[in-house]
Amino acid sequence: MASFILRKAEPKDVSDILRLIKELAKFEEMEDQVILTEKDLLEDGFGDHPFYHCIVADVPKQHQSADSHVIIGFAMYYFTYDPWIGKLLYLEDFYVMKEFRGFGIGSEILKKLSQTAVRTRCSSMHFIVAEWNKPSIDFYKRRGASDLSLEEGWRLFKIDKQNLLKLLAKC
Amino acid sequence: MDFTIRAATLEDCKDISRMILELAEYEKASDQVKITQRDLEQDGFSKNPFFHGIIAEVPEHHKSREGHTKVGYSLYFYTYSSWKGRAVYMEDLYVMPEFRGKGIGKALMSKVSQLGLAAGCTQLNFTVLDWNKSSLDFYLKQGCWDVTSDLGYHCMRCEGDALEHLAQGDL
């Protein structure tokens, strides 16, 4: 299978984007954590100030997936800021459907993201990977990524809405 | 002690730049700060800012030993979780050492939480260095949890030559 195109996601793609988000979450054994809806994706990605950007991988109809999909991969990203080095590109999700792996689609997506990062003068691309996900860690390390948690001791923290509200009540 | 928490303005960039350097020194990495006051002005106060700032200010009679009234800050920006939607990322949180223990850090974090919730965010994320015990304790007390420890997520980075090579499609 040779042909695929990478393009900017459009509002009509939100159904496929959500499907792929859930597939990736299932792989991470976190499918029940996805509460995002198509409506959220539409509002948050295609308004005046989008919260995210998305690239999708599109195959011709004759190469559609076993369950008839032509959008078979995606990457969701946004821009962040490091007060020491400036703009960064943050890769939130990156996924290619299993039956379409090994054709260079993932590499092309990553190349496109890196081009975007360089073009918009970002000094770095950041993302998180689960430490048990050895194939992905190897994929990224082969491309020069470094593990900041291991090398510099950074730990990612989170505070959810319930505790945010408690925090506000205390002050 | 009296203090006010307010949104940062263009005029605050000089003090924000000063405090960024102080925080970098505390993290033993001041040689890594490349961003200047001018970069902050351009990146934070144009039509599409890459970050937002909050300042903690004390009255003139409580100014610091070197005569500063702007004694703490937080830098944050909006991100997106493909599982939960809108999120806020607290990039920096800092209070000058002589003004600690007076609730200023908590008040800054509370303001970021308020703004995040108002913008429809369901989580506040940030990173902490594993040796920074006093910060780790402060955050755990606020109800935060360590995603790196609990879920094994590692922060990864791709920058410099590696980013350029990736953009060119070299392996």
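Predicted, not measured: the structure shown is a model, and the values here were computed from it. Heavy-atom basis, side chains included; hydrogens, waters and symmetry copies ignored. Residue numbers start from 1 in every chain, and the chains themselves are labelled A, B, ... in the order their sequence lines are given, proteins ahead of strands.
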Task: Interchain contact, S123(A) with chain B, by part (heavy-atom threshold 4.5 Å) - done: backbone
Task: chain B contact via D82(A) - which portion, at a heavy-atom distance below 4.5 Å - done: both
Open item on the list: Between F77(B), Y76(B), F51(B), who has the most heavy-atom pairs with chain A when the cutoff is under 4.5 Å?
Closed with: F77(B)
TODO: Go through D43(B), T79(B), D92(B), D150(B) and name the one with the most non-hydrogen pairs under 4.5 angstrom from chain A.
DONE: T79(B)
Open item on the list: Taking side chain as everything from C-beta outward and backbone as N, CA, C, O, which of these in F126(B) sits under 4.5 Å from a heavy atom of chain A? Side chain, backbone, both or neither.
Closed with: both
TODO: Heavy-atom distances under 4.5 Å only: say whether D146(B) touches chain A with side chain, backbone, both or neither.
DONE: both
Task: Over all atoms of both residues, closest heavy-atom pair of D93(A) and S82(B) - done: OD2-OG, 2.7 Å
Task: Partner chain B: residue of K112(A), H49(A), K141(A), K87(A) with the largest heavy-atom pair count (under 4.5 Å) - done: K87(A)
Open item on the list: More than 12 heavy atoms of other residues, nucleotides or ligands under 6.0 Å from NE2 of H61(B): yes or no?
Closed with: yes
Task: Heavy-atom pairs under 4.5 Å with chain A, option from V128(B), N132(B), L75(B), L140(B) with the top count - done: V128(B)
- [ ] Measure the CD-CG distance between E91(B) and L88(A) for me, rounded to the nearest 0.5 Å.
- [x] 7.5 Å
TODO: Mind checking the CD1-OG1 spacing from I35(A) to T122(B)? Nearest 0.5 Å is all I need.
DONE: 5.5 Å
Task: OG on S149(B) to CD on E131(A), rounded to 0.5 Å - done: 8.5 Å
TODO: Side chain from CB out, backbone as N, CA, C, O: work out which of these in A117(A) comes under 4.5 Å of a heavy atom of chain B, or both, or neither.
DONE: side chain
- [ ] Could you tell me which non-hydrogen atom of I85(A) sits nearest to which non-hydrogen atom of K34(B), and how far apart they are?
- [x] CG2-CG, 4.1 Å
Task: Residue part contacting chain A, namely of N48(B), when any heavy atom lies under 4.5 Å - done: side chain
Task: M125(A) versus chain B, the contacting section by heavy-atom distance below 4.5 Å - done: both
- [ ] Quick one: sort the F51(A) and Y80(B) rings into parallel, tilted or perpendicular, breaks at 30° and 60°.
- [x] tilted
Open item on the list: Rounded at 0.5 Å granularity, tell me how far CH2 in W84(A) sits from CG in D39(B).
Closed with: 15.5 Å
Task: Y81(A) side chain reached by I35(B) side chain, heavy atoms, under 4.5 Å - done: yes
Task: Among Y78(B), W131(B), Y153(B), residue most engaged with chain A (heavy-atom pairs, under 4.5 Å) - done: Y153(B)
Task: Pairwise distance OH(Y90(A)) to OH(Y89(B)) - rounded to 0.5 angstrom - done: 8.0 Å
Task: The single option from E31(A), E28(A), K22(A), E92(A) passing side chain to side chain contact (heavy atoms under 4.5 Å, CB included) against W83(B) - done: E28(A)
- [ ] Can you tell which part of I17(A) gets under 4.5 Å to a heavy atom of chain B, answering side chain, backbone, both or neither?
- [x] neither
Task: Over 12 non-hydrogen atoms of neighbours within 6.0 angstrom of NZ in K84(B) - done: yes
TODO: Under 4.5 Å, counting heavy-atom pairs only, tell me which of P83(A), C122(A), G86(A) racks up the most with chain B.
DONE: P83(A)
Task: Spatial distance of atom CD1 (I128(A)) from atom CG (N125(B)) [nearest 0.5 Å] - done: 8.0 Å
Open item on the list: Could you check whether R86(B) pairs with D44(A) (Lys NZ or Arg NE/NH1/NH2 to Asp/Glu carboxylate O, under 4.0 Å)?
Closed with: yes
Open item on the list: Only pairs of heavy atoms separated by less than 4.5 Å count here; which of G44(B), G103(B), S81(B) has the most with chain A?
Closed with: S81(B)
Open item on the list: Counting only non-hydrogen atoms closer than 4.5 Å, can you tell me which residues of residues 14-28 of chain B sit against chain A?
Closed with: I20(B), A24(B), E27(B)
Task: I5(A)-F100(A) co-clustered via ILVMFWY side chain contacts under 4.5 Å - done: no
Open item on the list: Within a 6.0 Å radius of atom CD on Q62(A), are there more than 12 heavy atoms belonging to other residues, nucleotides or ligands?
Closed with: yes
